[in-house]
Amino acid sequence: MSSGTTSSTTGTTGGTTTGIQQIHDVGAKALGWLYEHREGFRLEADPSPEAGMLDRFKPLGELALIGKVIFREGVAGSQQSSLAHKLLDHAWHELLDSGARLLEGQRREPLSPVPLEVYVPFRELGYRQPDLESAIRLNHRLASWAALEVLPVRRLGLSAIERRFGVEPSVPETAALAHTWLARRPEPWTVEGHIGYDITHTVFHLTDWGEKPAGLPADIAEYLALWLPVWLDDWLDLKRWDLLGELLVVDACLPEPALDPAAWAGFAQAQEPDGAMPVVGGMPEGDEESVFDLVYHPTLVAAFASALAMSRALSDLSADPAPA
């Protein structure tokens, strides 16, 4: 897409301000809801052996990833930054017991990559657990660690997280990428829900969660620039807010993001006044814990999409020549 596309989607002067304000408000409200409902990121005190103890760690890792994006992009206001700091401190010290729960999980399930995936974004934010790092490095030497059978996009994510942790990836990232759906650039009309999430996470891993748009190979970036507007329109039509939010993040990862105003307007309208974002359609019903489990992820995605899109929109504005 040309730079003219970006300008037309955000409008001029007042239109640009309106679009950026809307994107900002989505993120600010989402972060406020996550903070007010922070106790929802609870861990099981005594999880059943069938369920495993690591399932509820993943939301905390996602929270750390989004916090890292918010701080990295530097577009959040002081109130948002303060809430993000408090959320992360609560997650690390209160819920993860300063990393001790992750260490326990790694010792119980030595082949699971979940403790590593959750730990790395916390570590990149300055939280450390030396005993956990030793356990991960020890288990990483096992042949069984590299032999873990996972989907291609998951393998790409594991290779990326190993690199970020500082160990040799079990499978080189280029080799892992080659087996993903997106790397083959198939017929775009075959995309459905599961493939949609495979696409978004392939982009997240290649760009280190939006930090390095140049990490997208040129052929993949061109394919996404061509077909992403169609997918955005489809998922907006279906009111699939969680996937729509992830696709808005993908857009912000492109060399020239569109920041599609219709997609952002629909996404913003789907958000509840208190900041919660439903997965699909309207808000689910049920007790507070059940509702949290259903909507925390799209609400995190809303904060993620907002931070990255805000950063790209403001960068685009600062790059535009001053009017005569």
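Note that these values count all heavy atoms, side chains included, but never hydrogens, waters or copies made by symmetry. Owing to the predicted nature of the structure, the values given are computational and were not obtained by experimental measurement.
Here the side chains of L116 and H140 are not in contact, with every heavy-atom distance at 4.5 Å or above. Here the side chains of Q129 and L102 are not in contact, with every heavy-atom distance at 4.5 Å or above. Side-chain contact between K86 and R38: absent, with no pair of heavy atoms (C-beta onward) separated by less than 4.5 Å. Considering only heavy atoms from C-beta on, E39 comes within 4.5 Å of H90 through its side chain. For the pair L254/L224, a side-chain contact is recorded, criterion being any heavy-atom separation below 4.5 Å from C-beta on. Side-chain contact between W241 and Q271 is absent, with no heavy-atom pair separated by less than 4.5 Å. Residues T180 and L151 have side chains not in contact (no heavy-atom distance under 4.5 Å, counting atoms from C-beta outward). P213 places a side-chain heavy atom less than 4.5 Å from the side chain of R312.
The shortest non-hydrogen separation linking Q106 to S112 is NE2-O, 3.6 Å. Residues L60 and A91 share a closest heavy-atom pair of CD2-CB, 3.9 Å. Across all non-hydrogen atoms, the minimal contact from L63 to L88 is O-CD2, 4.0 Å. Closest of all the heavy-atom pairs between A307 and V75 is O-CG2, 3.5 Å. The minimum heavy-atom distance linking V301 with D242 is given by the pair CG2-OD1, 3.8 Å. The two residues L177 and P217 come nearest to each other via the heavy atoms CD2-CG, 4.1 Å.
A donor-acceptor pair under 3.5 Å links the side-chain atoms of T299 to the main chain of M277, judged by distance alone. Judged purely by atom type and a 3.5 angstrom limit, H37 uses its side chain to pair as donor or acceptor with the backbone of W33. Between the side chain of E73 and the backbone N or O of M310 there is no donor-acceptor pair closer than 3.5 Å. Listed for the S159 side chain is a donor-acceptor partner under 3.5 Å among the backbone atoms of V171. In this structure, R101 contributes its side chain and G99 its backbone to no donor-acceptor pair below 3.5 Å. A side-chain donor-acceptor contact under 3.5 Å links D260 to the backbone of A263. No donor-acceptor pair under 3.5 Å is formed between the side chain of D237 and the backbone N or O of D233. Side-chain atoms of R155 never come within 3.5 Å of backbone atoms of A176 as a donor-acceptor pair (strictly under, hydrogens ignored). Without hydrogens or angle criteria, D287 side chain to S290 main chain gives a donor-acceptor distance under 3.5 Å. At least one donor-acceptor pair closer than 3.5 Å links the side chain of E192 to the backbone N or O of H194.
Taking the six-membered ring where the residue is Trp, the centroids of H85 and F71 are separated by under 6.0 Å. Annotation: F292 is in aromatic contact with F41 [ring centroid separation under 6.0 Å]. In this structure, the ring of W181 has its center no less than 6.0 angstrom from the ring center of Y197.
Summarising the local packing, CZ of R137 is surrounded by more than 12 heavy atoms from other residues, nucleotides or ligands at distances under 6.0 Å. In E211, the CD atom is crowded: over 12 heavy atoms of neighbouring residues, nucleotides or ligands sit closer than 6.0 Å.
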(message) Evaluate H24 against Q80 for side-chain contact (heavy atoms from CB on, under 4.5 Å), listing each step before the verdict.
(response) CA-CA 11 Å; H24 169 271; Q80 285 178 272; 3.2 Å; yes
(request) Apply side-chain hydrogen bond (donor to acceptor under 3.5 Å, both in side chains) to W145 and E162, showing your working. (result) CA-CA 11 Å; W145 180 287; E162 288 170 325; 3.0 Å; yes
(request) Carefully, step by step, assess L182 and Y223 under the rule side-chain contact (heavy atoms from CB on, under 4.5 Å). (result) CA-CA 9 Å; L182 185 57; Y223 178 81; 3.9 Å; yes
(request) Take W189 and V230, measure what side-chain contact (heavy atoms from CB on, under 4.5 Å) needs, and give me the verdict at the end. (result) CA-CA 9 Å; W189 56 87; V230 180; over 6 Å; no
(request) Kindly determine whether R185 and D219 satisfy salt bridge (Lys or Arg N to Asp or Glu O under 4.0 Å), including the steps that lead there. (result) CA-CA 9 Å; R185 304 185 310 285; D219 56 348; 2.9 Å; yes
(request) Could you give me the CA-CA distance, side-chain angles and deciding distance for R163 and E168, then say whether salt bridge (Lys or Arg N to Asp or Glu O under 4.0 Å) is met? (result) CA-CA 6 Å; R163 166 178 52 80; E168 187 71 23; over 6 Å; no
(request) Decide salt bridge (Lys or Arg N to Asp or Glu O under 4.0 Å) for D198 and R154; before the verdict, give the C-alpha distance in whole Å, the side-chain angles of both, and the deciding distance to 0.1 Å. (result) CA-CA 9 Å; D198 290 345; R154 178 97 159 100; over 6 Å; no
(request) Check the pair D274, K29 against side-chain contact (heavy atoms from CB on, under 4.5 Å), reporting the backbone distance first and the verdict last. (result) CA-CA 7 Å; D274 65 357; K29 291 197 297 183; over 6 Å; no
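Atoms CG and CG, from L65 and L125 in turn, are 9.0 Å apart once rounded to the nearest 0.5 Å. Atom CD of E104 is separated from atom CG of L43 by 10.0 Å, given to the nearest 0.5 angstrom. Between the OG atom in S134 and the CG atom in N139 there is a gap of 11.0 Å [rounded to 0.5 Å]. Considering OG of S311 and CD1 of I70, their distance stands at 12.0 Å, rounded to 0.5 Å. Between I199 atom CD1 and I220 atom CD1 the span is 10.5 Å, to the nearest 0.5 Å. Atom-to-atom distance recorded for L308:CG and W209:CH2 is 11.5 Å, nearest 0.5 angstrom.
In this structure, D293 pairs ionically with R42, as a charged nitrogen and a carboxylate oxygen lie closer than 4.0 Å.
Cluster membership check: W231 shares its hydrophobic cluster with L226, using side-chain heavy-atom separations under 4.5 Å among Ile, Leu, Val, Met, Phe, Trp and Tyr. V279 and I66 end up in different hydrophobic clusters when Ile, Leu, Val, Met, Phe, Trp and Tyr side chains are linked at under 4.5 Å.
Cation-pi geometry between R123 and Y119 is not satisfied (NZ or CZ under 6.0 Å from the ring centre, within 45° of the ring normal).
Between F122 and W92, the ring-plane angle classifies as tilted under the 30° and 60° cut-offs.
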